[in-house]
There are 2 protein chains.
Amino acid sequence: MTARREENAVGLPRNYLRPCLLLLLAEGTAHGYELLEQMSTLGIDRVDPGGLYRCLRAMDEDGLVRSAWEPSTSGPARRTYELTDEGRQWLHVAAGSLAEVVRTLDRYHARYAEIAERHEPVR
Amino acid sequence: MTARREENAVGLPRNYLRPCLLLLLAEGTAHGYELLEQMSTLGIDRVDPGGLYRCLRAMDEDGLVRSAWEPSTSGPARRTYELTDEGRQWLHVAAGSLAEVVRTLDRYHARYAEIAERHEPVR
DNA sequence: CGTCGTAGGTGCAACATACAGATAGCGGGT
DNA sequence: ACCCGCTATCTGTATGTTGCACCTACGACG
C-alpha cells in the first residue's frame, strides 16, 4: 500500500528522460548537476539524481554522448557530457516519436471531448 | 541481454491503458474482448490481452467500473463492464493529466525545433 | 474429431522508476 | 579544528508497469 507518490496517476511518456537530456545537451555541453537543474525548464521538477546519472552513463555506453572529467577550480570534479552525431540522430528520432505520441493523445482528447459534451450540455 | 524487444524507444504515457479503457467504456458498456479490439481505434495496436483484463479487474476493485457476467447464447460467457460515477470522474481527471502531458511535450517540441533549425539552415 | 474464433485468465521476467542513502571536495562560520 | 551546507557523482534496493508466453473453456464448422 504505502500510499505511494500518488494513486496511480497517468504521467509522462516512458523513457522520457533520455530525450530530455539529449535535447539539453544539443543546446550545449554540460555536466550532470547542471542538467539536473535545467530539467525543470522542460517541465519536470523533482528529477531523481540517481536516475539521471545512470541515464547519462547508459547513453555514454550507447555512444550517444561523450564524457570527459573536468578538473574543477573549486568544488568536486565534474564530468562534462557532449552530444555525439549518433546522439543527435537519436534525438531527431525521439522527437519524431514524441510528435507521434502527441498526435495519439490529441486523437484521444478529441474523442474524450465528444463524450464529455454529452454530459455537460452547451452552456 | 536477449536483444531487447526494441532499442529502448520512447513510448506512450505511463498507465495509458486505464484512461483508454475508461474512455471506451464511457462511450458505452462493453466486455473485455470488444475493448481489446477497439483499442486499435485509439492508436494502440498489439495490446496485451493479459494486461487488459488485469487492468479491468483492477478498475473494478477500485470502483471505477462495475462488472457483470453475461450468460452467452453462443460461445463462452462474457463479462460486461459499465462505467461508474467514480470512473467518470477519474476519466475526467485523467483527460486533464493527458492534456498536461501534451502541453509539456509541445514545449519540448518547440525547444527542439529551435535547435534543429540551427542544424538545418533555411532552405 | 480437429481446429478456428471468441472470451477470459495466470505466471513470470524484464524493465523503468522512486526512494534512500553514501562519498567527497570546497567554503564559510564559530 | 570542527561542523554545516552546497556542489557533484554514484550505488543499492524496492516497487510498479509492461510484455511475453502460456492455459482454460465454449460453440460452430468441416
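Chain A is the first sequence line, chain B the second, and so forth, proteins listed ahead of strands; every chain is numbered from 1. As the structure is a prediction and not an experimental result, all values here were calculated from the model.
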Verdict with reasoning, A/E114 to A/R111, per salt bridge (charged side-chain N to carboxylate O under 4.0 Å, His left out): CA-CA 5 Å; A/E114 226 172 295; A/R111 200 139 158 200; over 6 Å; no
Nearest-angstrom distance from the residue atom CG of B/L12 to C1' of D/dT17: 14 Å
Separation of A/L21 CG from A/L52 CG (nearest 0.5 Å): 5.0 Å
Calculate the interatomic distance between A/Y33 atom OH and D/dC6 atom C1'; express it in whole Å. 6 Å
Please determine whether a side-chain nitrogen of the Lys or Arg among A/D85 and A/R88 lies less than 4.0 Å from a carboxylate oxygen of the Asp or Glu. yes
Any A/R57 side-chain nitrogen or oxygen under 4.0 Å from OP1 or OP2 of D/dT11: yes
Separation of atom OH in B/Y53 from atom P in D/dC20, rounded to whole Å: 18 Å
Does A/G51 or A/G75 map to a spot on DNA chain C nearer the 5' end, using the closest nucleotide for each? A/G51
CD of B/Q38 versus C1' of C/dT6: gap in Å, rounded? 15 Å
Of all the nucleotides listed (D/dC26, C/dG8, D/dC10), which has the minimum atom distance to the side chain of B/H31? C/dG8
Could you tell me the separation between the CG atom of A/L24 and the OG1 atom of A/T29, rounded to the nearest 0.5 Å? 12.0 Å
In this structure, how many angstroms lie between the P atom of C/dA18 and the CE atom of A/M39, rounded? 11 Å
Tell me whether the OP1 or OP2 atom of C/dT17 has a side-chain N or O from B/R14 closer than 4.0 Å. yes
Rounded to whole Å, please give me the gap between CH2 in A/W69 and C1' in D/dT7. 13 Å
Using a cut-off of less than 4.0 Å, is there contact between a side-chain N or O of A/R79 and OP1 or OP2 of D/dC10? yes
OP1 or OP2 of D/dG16 versus the side-chain N and O atoms of B/N15: is any pair under 4.0 Å? no
Reckon A/G50 touches a base, only the sugar-phosphate, or nothing at all at heavy-atom distances under 4.0 Å? base
Contact nearer the 5' end of DNA chain C, comparing A/P13 with A/T73: A/P13
Between C/dA16 (P) and A/L56 (CG): distance, integer Å: 16 Å
Select base, sugar-phosphate, or nothing to describe what A/R54 touches, counting heavy atoms under 4.0 Å on all strands. base
Round to a whole Å and report the spacing from CG of B/D48 to P of C/dC12. 16 Å
Is it true that A/I44 and A/L98 fall in one hydrophobic cluster, defined by side-chain heavy atoms closer than 4.5 Å? yes
